[in-house]
Each structure stands twice: as C-alpha cells, then as structure tokens.
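Just so it is clear: chains get the letters A, B, ... in the order the sequence lines come, proteins before strands, and each one is counted from 1. Reckoned from all heavy atoms, side chains included, excluding hydrogens, waters and symmetry mates. The structure presented is a predicted model; accordingly, all values stated were derived computationally and were not measured.
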Amino acid sequence: MRTHLCGDIRFGQIGETVSVCGWVGRRREHGEHLAFVDLRDHSGIVQCVINDDVDVRSEYVLRISGVVRERPEGTVNDSLPTGSIEIGDCEVQVLRVATPPPFPIDARADDVDENIRLQYRYLDLRRERMQKNLRTRSKVNAAVRSAMDEQGFVEVETPMLVPSTPEGAREFLVPSRKEPGSFYALPQSPQLFKQLLMVGGVDRYYQMARCLRDEDLRADRQYEFMQLDMEMSFVDQDDVLEAVSASVLAAAEAATGERPTPIEQITWHDAMDRFGTDKPDLRFGMELVELTDVFGDTEFKAFSGADAIKGIKVDGGAADYGRNQLDKMTDRAKGAGAKGLVWMKVTDEGFDSPVAKFLSDVEVGALKSAMAAETGDLVLIVADEWSTTCEVLGMLRNDIGRPPVHEGPYRYVWVVEFPLFVGRDKETGAPKSGHHPFTMPHPDDIDKFDTDPMAVRSIAYDLVLNGWELGSGSIRIHEPELQRKVFMALGISDEEAERKFGFFLNPFEYGAPPHGGFAFGLDRLVAILAGEENIREVIAYPKTQSGQDPMTNSPIPGDPKSLLELGLKVLPQVD
RNA sequence: GGUCCCGUGGUGAAGUCAGGAGUUCACGCCGGCCUGUCAAGCCGGAGGUCGCGGGUUCAAAUCCCGUCGGGACCGCCA
C-alpha cells in the first residue's frame, strides 16, 4: 500500500514517486486549487500539496501517491525533519473518513484532562509523545531480553492462576467454576515459582512477568505492572548485581542511545544517614549533616537527649521560604513523625530563628561551621530517634531539592545491606521481614539474632534510579536450620511455617541450590528513560487512580448467570 | 481509611475570594473567500444542565452541606 513512512522521506527521494499512508494532521487550504495537508503516521509528518478539490478533513485516513520534490525557496520548514521536501502531484485516496477528534492529536493534548485522554486512548496513542513512549518501552523490552539471553538466562513462563499466599500485598482473587467457593489468586510476583525453578535445575531463569497487586494506585503504581524477574543458582550477591546491571544498562543504552556510567553502591545505613531514604536521588546534594555532637551539651530542651540531630541546608533559601511555608514544612515534618522542625535563617550576625535565643554562641558557631552555612541560607534541623530524624529530613530534602524526572543525569545506585527486620508487629511485637522471610541474613550478623535482632543486616539489595525504586532482590536462605532461626525471630512457629510455607519450603528438602535473584519494574524504568513523571504515560491502557478504565468502563458488575455458575452472591454495600 | 488540589460549549483557560442576565479569550467544528502555507489568514455561524443533588438568598458558576469523577500525597505496596 505504501512505499515509505511519512517521516522517513528526505532529500534522497527527490524525483521519486512515492505512496504514503496516514492520518490528516493539520491542513492549510488556499481555495479550490491549493491545499497543504500534513499527513501523519508513527514516523512523523510529511507535507502533501494537493491541487484538486478533495474533501479532506482532520484525521481522515488517506493514501497519497505523488512525487517527492524540493520545497520552493523560502518555504522550507526547519522545525520538521521532512521540512525541506514535500509530496506534489498528489493523488488522494480516502481510506476512511473520520469524525473530528475530541482533542487535538498533538502536544496540546498534554494539557487535556487525563480522564478524556484515557477515554479516547486510541486517539491519544496516535500522538508523537505516546508513540515515542511505546517504542521506548519496546526497545527496553528487547534490550533486556537480549541481555538476559546473552548471559545464559532461560525465559520460563509461570502461571497466572496461582494459590493465594498469606503474606504480602493484597491479591486479586479469581473464582473457580469447578470448585465453587475456591479461588485462585493472580500473582503479585512469581516469587515461589522462580525459586522452585532453581530447585528444578534451571540455573538461570528470567521472565518479563506481569504482576498484579490490589493496592491503592499512585503515579508510579498500577494494579498490573511488568517486572524483569530473574533468579540464579550458585551465586553470591555480586553475581546477581552484575547480571542485573548488564541488563539495566543495556536497556538504558537502547532507550537513550547513551551508555550509562557503572552503577555505584551505597549501604542502606549510609543512604539513610546521608539522604534520609532507602531510595536516594543522587542528582542533587543537600545531604543530611550530622549535628548530634554539635549539641552534645546543649541547654535547648528540644535538642538535649535526642538520639540523633541532623540538618540540611537550603542554599540561599532564607528569602525563598516565608513563615507560612515554614509552618507548612513543620506540619509535614510532624505528620511524618517528628516532634518538630527547627528552621534557622543564616544572617551576618548569627541565626534568625524562633529558637536562636536558646543556643549558646559556641553552638551557633559550631552549627554554622558544620553546615558550612553562609548568610542567606536556610537550615532545617530535626532532633529525634535516628530513623525519624533521617526520614523526615530526607522527605524535606526531596520536597525542596528534587529536580523533575526529565532533568539531570541518570544516577543509578545499588542500595545494599538492608536490615533483615524492619519494624515490629503491632500485636505480637515480633520483628517483621524487611524484604521477605526467605532472605539470607548477613553472615557477620548471625550472632546478633538473640541480642539485637533489629541490627541484623541481610543480603538484600535495591536498585534505585534518580530516587525511584526500580526493584529489589536478595540471596535466599537454602538451608533449613537458618530458615528456622529466621522464622523463630519472626515469631513463626514450626507448625505455622509448615502451614503457611510448607508447599514452598518442603521441595527444598530435595536439594535446593544456593540461589538469589532480583526483580525490577519495567514500567518505572521506561518512564524515567522516557522522561515521564507517571507510569501511565508508558502504559498503553492504564487504569485511573480508582482502578477504572474510562475507555472500557471496567470494572463492570458481574453477570448474574456467571455469578450463579461460580457460586457467588454479591452482598449489598456496607458503609 | 486520611489530607490537599481540580471539575465552566468538543478542548484548554478566565470568571468563584468580594453573589446580580451563560459573560469572555484561545483552539477546534460548520459555511464563505483565498494558488506557497506550515498552530496559514480574513469574514460569518453553530455549540452550555457552569459534574450531580440539596440548602441559604429577591437573586448562586460564585456562599454552605452532601455526593460523583479526576489528580498528587500519607496509610498500604512481605
């Protein structure tokens, strides 16, 4: 039907008779005998000069045959790749007339209500931005597959209908018709299947796995999302990081055309200490400064006796933040668990701050020098438990300094040595797993299990890109003794372990190799590489924050006949 | 479950704080003119349940209450 794509025609085709197909973008009519039509396909647009009187309107689908020619002097359009040529002597074939679209099929639709864009997603997808995003995603997928294949990984598909598991994210349930009252779950990840593949001798597994979690949606979260899921046998942490790095960097290069720098590493403790988060955005500084010693003997009640005192400095921020904003910042700090937030504006004399009068001259001097603060800077200080101090300042650091997603370099970082346990169960008081209960404890910390369980590190690691958590993984426990020890610390009895995880752990008895793995979110990676703040922009048919699809109107009420067949009865809504 | 922002012809916005006739701007759409435009230009026209419901008022897009929808965030996401 066509000989060329619209956006591909260049000077080299001058004189050739070509046929192109696409949609009518903008048209400029000058009466019956001259009209310019921008014909658009996924590759771009090309100007067609039409001298006949044909009725051609927005988004009509056309096949145009004509001769490529140089544009007359003075009519070249430098803003188009095809701007120095045009197609003349056009024969126009209308393949399909079209109703005017509800919004312009160009960059102006970026401002259109997202609900409308999703309702007419097929029109939204015609736009250059969405075409680019879909193609970036495709390239990333292809690069990841190829990188995994080159490293000897075997792509294995795991089931979508799986048993419900007690731990982790809320699952989507699928009723069984053959066994009314019984349900499958949709997988929140292929975790157990991939570990059993290791028992099965696959050695190196990967999958572009669709994962489903029935948790509330966010800019970086959808009910269904894609992970590069992988698992390796007979490896240590470095082997896994190397394999994942190769894949991620290949994907990044495929998407951006630039080879990223090698991925750096930071321990979880350092990440918290310096950036106040386990997913630090390394594109900007504003690191947390240790101030505990500065106020070691302070008379100021809010500081004295605090477990950890830290501060961040906003260069030249004194003038940018008024009382109102500082109050809001304080509220946010309190909302995040801090007892309060101390702000200090640096002046020539000292500090302008509600608490300045409580500080001695020595403290003021030491603070200034520790923060390297200069006149006009804003200093924010939190004094609290170490983790609260770090987390609150980390949040403020992001609020204040974090650049938009499309800005700055790509800063990949491995966060390693995550704690094995995070927080405690509200009811039982037992520690909770940071990653999952099958994560290998750090060998140097085994002796702390009884004395200081919360200090036990694990062989678990996250991959972070510009402040987004791309994914996480761990070396798994493959020995029963160690697994029992971890279950004990988690307050899980042998009976409970057998009941909850027996189907998963019993196969290990037949010879589980040492193994470990990783999974990273492809949607997030693609979004960042495409410069999008929101993963919905890199998903062809995403759902809204309330889990609806405005195009198909799903979810829809169950058909009574189907419900009957499945043995289901819908109860009235209870408030 | 919670906090905040948004909802006005097909699209985007202004009007809302401080109530006074569905008012305005841009794009799009329809018709006319136009042989070198490129967000073409000029002339004319059509198009609205101001998300929905209730309340206050002589009078509500505007104030109040509720509700629905969208978005950002917190909780949640082993």
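- A salt bridge links K194(A) to D229(A): at least one charged side-chain nitrogen sits closer than 4.0 Å to a carboxylate oxygen.
- Using C1' as the reference atom, G1(B) and G19(B) are 36 Å apart when rounded to the nearest Å.
- R402(A) meets the side-chain hydrogen bond (donor to acceptor under 3.5 Å, both in side chains) test with D281(A); sequence neighbours excluded.
- Nearest nucleotide to the L80(A) side chain, out of G12(B), C38(B), U37(B): C38(B).
- Only R57(A), S58(A), R69(A), listed by number, bring a heavy atom of residues 52-70 of chain A to less than 4.0 angstrom from any atom of RNA chain B.
- Dashed line: the shortest gap from a side-chain N or O of R108(A) to OP1 or OP2 of G12(B) is not under 4.0 Å.
- Applying the 3.5 Å distance criterion, the base of C34(B) shares no donor-acceptor pair with the side chain of R28(A).
- Considering only side-chain N and O atoms, R40(A) lies nowhere under 4.0 angstrom from the phosphate OP1 or OP2 of C38(B).
- Remark: ring of H30(A) stacked against base of A40(B); centroid gap under 5.5 Å, plane tilt under 30°.
- Look at the P atom in both U16(B) and C6(B): the space between them is 13 Å, to the nearest Å.
- Ion pairing between D445(A) and K448(A) holds under the 4.0 Å rule for side-chain N and carboxylate O.
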Counting primed atoms plus P, OP1 and OP2 as sugar-phosphate and everything else as base, spell out the protein contacts along nucleotides 70-78 of chain B at 4.0 Å heavy-atom distance: B, S or - for each nucleotide, 5' to 3'. SBBBBBBBB
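- A salt bridge links R129(A) to E537(A): at least one charged side-chain nitrogen sits closer than 4.0 Å to a carboxylate oxygen.
- Side-chain atoms of I105(A) and W23(A), non-hydrogen and from C-beta on, never get closer than 4.5 Å to each other.
- Between R27(A) and the phosphate of U37(B), there is no side-chain N or O to OP1/OP2 separation shorter than 4.0 Å.
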Dump the intermediate steps for ring pair (Phe, Tyr, Trp, His ring centres under 6.0 Å) on F518(A) and W414(A), then the final yes or no. CA-CA 12 Å; F518(A) 197 78; W414(A) 285 110; 5.2 Å; yes
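- In this entry C58(B) has G20(B) as its Watson-Crick or G-U wobble partner, both defining distances falling under 3.5 Å.
- Across all strands shown, A78(B) forms no Watson-Crick or G-U wobble pair with both key distances under 3.5 Å.
- The P atoms of U11(B) and C58(B) are separated by 37 Å, rounded to the nearest whole Å.
- Q47(A) contributes a side-chain N or O that forms a donor-acceptor pair with the base of U37(B) under 3.5 Å.
- Note: Y122(A) and Y120(A) have perpendicular aromatic rings, judged against thresholds of 30 and 60 degrees for the angle between ring planes.
- Remark: C4(B) base-pairs with G71(B). Criterion, Watson-Crick or G-U wobble with two distances under 3.5 Å.
- For A39(B), there is no paired base (Watson-Crick or G-U wobble, both distances below 3.5 Å).
- F421(A) does not carry K432(A) over the face of its six-membered ring by the limits of under 6.0 Å from the centre and within 45° of the normal.
- Of the candidate nucleotides G10(B), G28(B), U37(B), U37(B) has the atom lying nearest to any side-chain atom of F36(A).
- Distance check on atom P: G75(B) versus U3(B) gives 15 Å, rounded to whole Å.
- Heavy atoms of P72(A) sit under 4.0 angstrom from at least one base atom.
- Using a 30° and 60° split on the angle between ring planes, H436(A) and F438(A) fall in the tilted class, from 30° to 60°.
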